[in-house]
Participant: 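Shown below is the structure under consideration.
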Amino acid sequence: MAEQGAGRVKIALADDEPDLRSTMARLLGLLGHEVVYSASNGAELLQACADQHVDLVILDLDMPVMDGLTAAEELAERGIPAVLVSGHPDIEEVVLEHEPVVTRIMKPATVDKLRDAIRVALLRR
């Protein structure tokens, strides 16, 4: 079910692991949201977000071609909030006030973690 008051949120994903992208898309679908694009790197995500309306992005920290923080910086300039997801042990050290992301999730992502992160992202856009 979609977040109360938020309606169906249009989300773009970026993760270099196809299985993780697929799992995340299924979890977001369970929450009632629409995954409008699934990218394998930050550069691909930026192009997708230029071509269609996206309410927020969920992206991995470590990806080839362009990492999550670099992509999030450009997306923030476009007014698109970004949720950073990573299995990297230093993810908790990312200081949100100094980075272009609104919140972060430690992998593995769960429905509850995603629900909370989406709520935070939508409140801050």
Side-chain angles (χ1 to χ4, degrees):
M1 62 186 82
E3 294 298 300
Q4 200 171 58
R8 191 170 175 94
V9 178
K10 293 181 181 257
I11 300 172
L13 298 174
D15 195 303
D16 57 323
E17 296 292 331
D19 291 342
L20 292 175
R21 283 195 315 269
S22 177
T23 298
M24 184 111 33
R26 282 194 306 273
L27 292 174
L28 292 166
L30 289 172
L31 289 170
H33 302 305
E34 179 183 359
V35 175
V36 296
Y37 197 82
S38 181
S40 62
N41 63 65
E44 190 180 321
L45 178 71
L46 291 177
Q47 182 60 49
C49 290
D51 293 342
Q52 57 194 309
H53 172 76
V54 174
D55 296 312
L56 69 94
V57 297
I58 298 174
L59 63 169
D60 188 20
L61 175 62
D62 296 317
M63 295 182 287
V65 183
M66 180 184 289
D67 68 50
L69 287 176
T70 303
E73 188 172 337
E74 187 167 326
L75 292 164
E77 292 173 7
R78 299 181 194 179
I80 301 171
V83 174
L84 189 64
V85 181
S86 181
H88 196 282
D90 291 340
I91 186 73
E92 295 298 325
E93 302 302 317
V94 172
V95 180
L96 297 176
E97 293 79 22
H98 299 241
E99 298 295 347
V101 296
V102 295
T103 192
R104 60 188 175 258
I105 298 173
M106 181 71 168
K107 288 180 182 177
T110 64
V111 170
D112 290 335
K113 288 179 186 178
L114 286 169
R115 179 185 299 115
D116 293 345
I118 291 166
R119 184 177 297 120
V120 168
L122 294 177
L123 288 173
R124 295 190 185 170
R125 72 174 167 174

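Numbers here are sequence positions counted from 1.
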Participant: Could you report the tightest heavy-atom contact between Arg8 and His33, atom names first, then the distance?
Facilitator: NH2-O, 4.0 Å

Participant: So do the side chains of Ile11 and Asp55 get within less than 4.5 Å of each other, counting heavy atoms only?
Facilitator: no

Participant: Linking I/L/V/M/F/W/Y whenever their side-chain heavy atoms sit closer than 4.5 Å, directly or via other members, would Leu122 and Leu30 fall into one cluster?
Facilitator: yes

Participant: Could you tell me which residues satisfy side-chain contact (heavy atoms from CB on, under 4.5 Å) with Leu114, sequence neighbours excluded, listed by chain and number?
Facilitator: Met24, Leu27, Leu28, Leu31, Ile58, Ile105, Ala109

Participant: Evaluate the side-chain contact (heavy atoms from CB on, under 4.5 Å) criterion for residues Leu61 and Asp67: first the C-alpha distance (whole Å), next the side-chain angles of each, then the deciding distance (0.1 Å), finally the verdict.
Facilitator: CA-CA 6 Å; Leu61 175 62; Asp67 68 50; 5.5 Å; no

Participant: Would the distance check show the side chain of Lys10 and the main-chain N or O of His53 forming a donor-acceptor pair, the cut-off being under 3.5 Å?
Facilitator: no

Participant: Do you reckon Val65 sits in the same ILVMFWY cluster as Val57, going by side-chain contacts under 4.5 Å, direct or chained?
Facilitator: no

Participant: Quick one, Lys107 and Asp15 - any side-chain contact, counting heavy atoms below 4.5 Å?
Facilitator: yes

Participant: Side-chain contact test, heavy atoms from C-beta onward, threshold under 4.5 Å: evaluate it for Val83 versus Ile118 and give yes or no.
Facilitator: no

Participant: What are the two closest non-hydrogen atoms of Ser38 and Glu44, and how far apart are they?
Facilitator: O-OE2, 3.8 Å

Participant: Check side chain to side chain donor-acceptor pair (under 3.5 Å) between Asp19 and all other residues, then give those that pass, not counting sequence neighbours.
Facilitator: none

Participant: Between OG of Ser86 and CG of Leu59, what distance do you get to the nearest 0.5 Å?
Facilitator: 10.0 Å

Participant: Measure the OG1-CZ distance between Thr110 and Arg115 for me, rounded to the nearest 0.5 Å.
Facilitator: 8.5 Å

Participant: Where is the tightest heavy-atom contact between Pro64 and Asn41, given as atom of each residue plus distance?
Facilitator: O-CB, 3.1 Å

Participant: Without placing hydrogens or testing angles, list every side-chain donor-acceptor pair under 3.5 Å for residues 72-80, not counting sequence neighbours.
Facilitator:
from: Glu74; atom 1: OE2; to: Arg78; atom 2: NH2; distance (Å): 2.8
from: Arg78; atom 1: NH1; to: Leu46; atom 2: O; distance (Å): 3.1

Participant: Looking at side-chain heavy atoms only, is the closest gap between Asp60 and Leu20 below 4.5 Å?
Facilitator: no

Participant: Minimum heavy-atom separation for Val36 and Ala12, please, with both atom names.
Facilitator: CG2-N, 4.4 Å

